[in-house]
Amino acid sequence: MKYPFDAFREDVIKKLSSLGYDNLRIEEPKEEIADLALPCFQLSRTLKMPPDKIAEEVASKLEAGGWIEKIEATRGYVNFFIDKNRLADETIKLILSLKDSYGKLDDKNKKVIVEHTSANPNGPLHVGRARNPIIGDTMARILKFGGYDVITQYYVDDMGRQVATLFWGVKNLDIEVEESKADHRYVVFYQEASKLMEKDERVREEINNIIKRCEEGDRELLQEIKKIYKPVLEGIMESLNRLHIYMDEFVEESRFVLDGSVYEIIEKLASLPYAGEEGKAIYLDLEEFGIHGRNKKFFLTRSNGTSLYAARDIAYHIWKGNRADIMINILGEDHKLEAEQVRIALKLLNEKIPDVIFYSFVSLPEGRMSTRKGRVVYLDELIDEAISRAREELVKRGREENEKIYTEIGIDAIRYNIIKVNPDKAITFRWEDALSMEGESAPFIQYAHARCSSILRKADFHPLNHYDFTHQSEIKLIRTLAKFPDYITRSINSRNPAIIADYAYRVASDFNIFYRDCKVIGDDKEKERLALVMATKQVLKNVLSLLGMEALEEM
RNA sequence: GGGCCUGUAGCCUAGCGGAGAAGGCGGCAGCCUUCGGAGCUGCAGAUCGAGGGUUCGAAUCCCUCCAGGCCCGCCA
């Protein structure tokens, strides 16, 4: 699919090429300035001419044409302007004909596995971890839209200390818990068992023994453990489903022990010159790969011969890499070192390397979230609170108390408020931010969509052969609608879903300005404007679906 | 001791080599005889953490320092 701005960019490149200027960096300035621009400062040295002279000369040699309406030289830049009439006409037609597919990019014929969440199934998700599934799910949606074949995966750590502790707790402790949701009920056993383990040597040994048996590949025990963690995992997924997050596949860590692949990989790594042994434990010395200090030793096995988590992670990535062209992992920043170690190991084995989106933590004003210290806000609490807050807002506005609507508004507010911040930025959780429903927020965007729907309900839309727009608020809106595919590309290339959240806001904001300036129903330009409203509604719907949010007809 | 990330107005954020640093919240002043006011307009508010450097050009790149987060276990 070639979109108007793509065609325009090609025309600009072609023009410059006709003068012998190839491979120059063309930039996209602020839209009030121009649509594309060529800065001439670097050419200044080779051509031995002042930049403004170069710009003037280039501009004078080029003629408008094709998608280019006008070429101007300004202060050392050659500015290119797109043919606005054609842009408006073609963009509107394109949106109205492509509908839900508008903005999609060509099929890449590449398979992507997005691994996200992968939380230990020992209790409910708290909001400190909620960033992970929201980033992962949104990125997966964007990649699909961008033409990739995407599968989402949850890597289930079914043989680590946390699950073993949970298992021990459930088997040995007798605790009455009223909670009906399994993740919330079982976490109490986990917490109790953790406490006991700290002060009771025997408990610790029993748990260690469970871990050891798992690592040795005790299928029966693993099955028993699965019976315990499964309901917890289902509880986690139930919470995620509330946020419109679904998972395609669950991959159990134990499979890489059971099928022996971890040990094959360890053997291969152990034969490398970087390998070493301490007792019987095998490690790689990563000094040469830029990892210094006391953590340069990357251990793959324990001295009892069993594999370590990171070794299994390597096996998992090799397995994944055989099933995908691109791997994208969503990980908390605390996993940076481990991810780097795994990356080096994969490289040494000549295997595919994953891209990782790291996110910073969500903490509370009092400090980092901790289930143990009771300093947590669970995702379910946040969701419940958001929904009840959305209901209040509806009541406040004298609207109908429709459960489907306020549930949707509450949920989407959470998703939006989390996704709009770049992943590498730490977030301090504050209820008023997490539940924000005005300004840069989900309801702002949904409201624009509901407004479009409301207008369209009141009038009959008939398509035209040609669309003509003149008001600057119309043009600004259309330009924003036309840039949708560019934002998809940017978001995918930079692996940053926050870019799409920002785009959604811009569309809604530009629509509000258009709405203020341009009367639709009853105006001379009603037919054109109805088409523009229709197109805006479509783009809002498409972008909302990328964010996992619902396009509401009313709210 | 070693390393990664972040620092932009009272608060939250965008921009990450190019053209008066862009939004939101909060504050102040306005906008309902127009299609939904979860909206819109205007005003005030920024030595882009500090100091050096590279460059025709630095919030953006490099170095040093300061502050905050995160990691450095034969845990996961």
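Not measured: the values here are computed from a predicted model. Here is the naming used below: chain letters follow the sequence lines, and residue numbers restart at 1 for every chain.
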J.: Check whether any side-chain heavy atom of A/Phe256 lies under 4.5 Å from a side-chain heavy atom of A/Ile314, and answer yes or no.
T.: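 A side-chain contact under 4.5 Å is absent here.
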
J.: Using a 4.0 Å heavy-atom cut-off, does A/Phe41 contact any base of the nucleic acid, only the sugar-phosphate backbone, or nothing at all?
T.: base

J.: Compute both the distance and the angle, then confirm whether A/Lys336 meets the cation-pi test with A/Phe358: under 6.0 Å from the six-membered ring centre, within 45 degrees of the axis.
T.: yes

J.: To the nearest angstrom, how far is A/Met555 atom CE from B/G39 atom P?
T.: 9 Å

J.: Side-chain N or O of A/Lys425 versus OP1/OP2 of B/A14: is the shortest distance under 4.0 Å?
T.: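 Yes, such a contact exists.
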
J.: Using the benzene-type ring in the case of Trp, are the ring centres of A/Phe484 and A/Tyr503 under 6.0 Å apart?
T.: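 When the ring centroids of A/Phe484 and A/Tyr503 are compared, they turn out to be within the sub-6.0 Å range.
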
J.: Let's see if you can work this out: which of B/A19, B/G23, B/G36 has an atom nearest to the side-chain heavy atoms of A/Ile33?
T.: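 Nearest listed nucleotide: B/A19.
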
J.: Which value, in whole Å, describes the distance between the C1' atoms of nucleotides B/U13 and B/U8?
T.: 9 Å

J.: In whole Å, what separates the C1' atom of B/A44 from that of B/A59?
T.: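 Each nucleotide's C1' atom is 23 Å from the other's.
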
J.: Of the nucleotides B/C40, B/C35, B/G37, which has the atom closest to the A/Val520 side chain?
T.: B/C35

J.: Measuring from the side chain of A/Arg75 (C-beta onward, heavy atoms only), which nucleotide among B/A38, B/C70, B/G20 has the closest atom?
T.: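 Comparing B/A38, B/C70, B/G20 against the side chain of A/Arg75, the answer is B/G20.
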
J.: Please state how far atom CD in A/Glu72 lies from atom P in B/A19, giving the value in whole angstrom units.
T.: 18 Å

J.: Are A/Arg451 and A/Tyr515 in a cation-pi contact, defined as NZ or CZ under 6.0 Å from the six-membered ring centre and within 45° of the axis?
T.: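 Positive - A/Arg451 is close enough to the ring of A/Tyr515 and near enough to its axis.
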
J.: Applying a 4.0 Å non-hydrogen cut-off, can you work out what A/Asp433 is touching in the nucleic acid: base, sugar-phosphate, or nothing?
T.: nothing

J.: Should A/Lys53 and A/Glu56 count as an ion pair when the cut-off is N to O under 4.0 Å?
T.: no

J.: Please report, rounded to the nearest Å, how far the P atom of B/G37 is from the CD atom of A/Glu438.
T.: 15 Å

J.: Which listed nucleotide (B/C70, B/G36, B/U13) is nearest to the side chain of A/Phe361?
T.: B/C70

J.: For the C1' atoms, the ones on B/G15 and on B/C32, what distance do you get once it is rounded to whole angstrom?
T.: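 Between the two C1' atoms, the distance is 36 Å.
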
J.: What is the separation between atom CZ on A/Arg397 and atom P on B/G39, rounded to the nearest whole Å?
T.: 8 Å

J.: The side chain of A/Arg368 is closest to which nucleotide in this list: B/G20, B/C71, B/A38?
T.: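 In terms of side-chain proximity for A/Arg368, the closest of B/G20, B/C71, B/A38 is B/C71.
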
J.: What is the distance, to the nearest angstrom, from the CZ atom on A/Phe514 to the P atom on B/G39?
T.: 19 Å

J.: Are A/Arg389 and A/Glu393 close enough for a salt bridge, meaning some N to O gap below 4.0 Å?
T.: yes

J.: Find the partner of B/A14: check Watson-Crick (N1-N3 plus N6-O4 or O6-N4) and G-U wobble (N1-O2, O6-N3) distances, both under 3.5 Å, and reply none if neither fits.
T.: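 The answer is none; no pair meets the criterion.
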
J.: Over how many whole Å does the gap from A/Tyr359 atom OH to B/C71 atom P extend?
T.: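 Atom OH in A/Tyr359 sits about 12 Å away from atom P in B/C71.
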
J.: Atom CZ of A/Arg490 and atom C1' of B/G15: how far apart are they, to the nearest Å?
T.: 9 Å

J.: Could you check whether A/Asp517 pairs with A/Lys476 (Lys NZ or Arg NE/NH1/NH2 to Asp/Glu carboxylate O, under 4.0 Å)?
T.: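 Result for this pair is no, no salt bridge flagged.
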
J.: In whole angstroms, how far is the P atom of B/U6 from the CZ atom of A/Phe358?
T.: 13 Å

J.: At less than 3.5 Å, do the side-chain atoms of A/Asn422 and the base atoms of B/A14 form a donor-acceptor pair?
T.: no

J.: Tell me which nucleotide among B/A19, B/C12, B/C72 gets nearest to the side chain of A/Leu337.
T.: B/C72

J.: So for A/Ser303 and B/C74, does any side-chain atom that can act as donor or acceptor lie under 3.5 Å from a complementary atom in the base?
T.: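 Per atom types, the contact qualifies.
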
J.: Any strand is fair game: report the nucleotide pairing with B/U55 by Watson-Crick or G-U wobble, both distances under 3.5 Å, or none.
T.: none

J.: With both distances under 3.5 angstrom, what nucleotide forms a Watson-Crick or G-U wobble pair with B/C4?
T.: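 The answer is B/G69, by the H-bond criterion.
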
J.: Could you let me know what B/C32 is paired to, Watson-Crick or G-U wobble, both distances under 3.5 Å, or none if it's on its own?
T.: none

J.: A/Glu333 has a side chain; which of B/C40, B/C70, B/A38 sits nearest to it?
T.: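 From the listed options, B/C70 comes nearest.
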
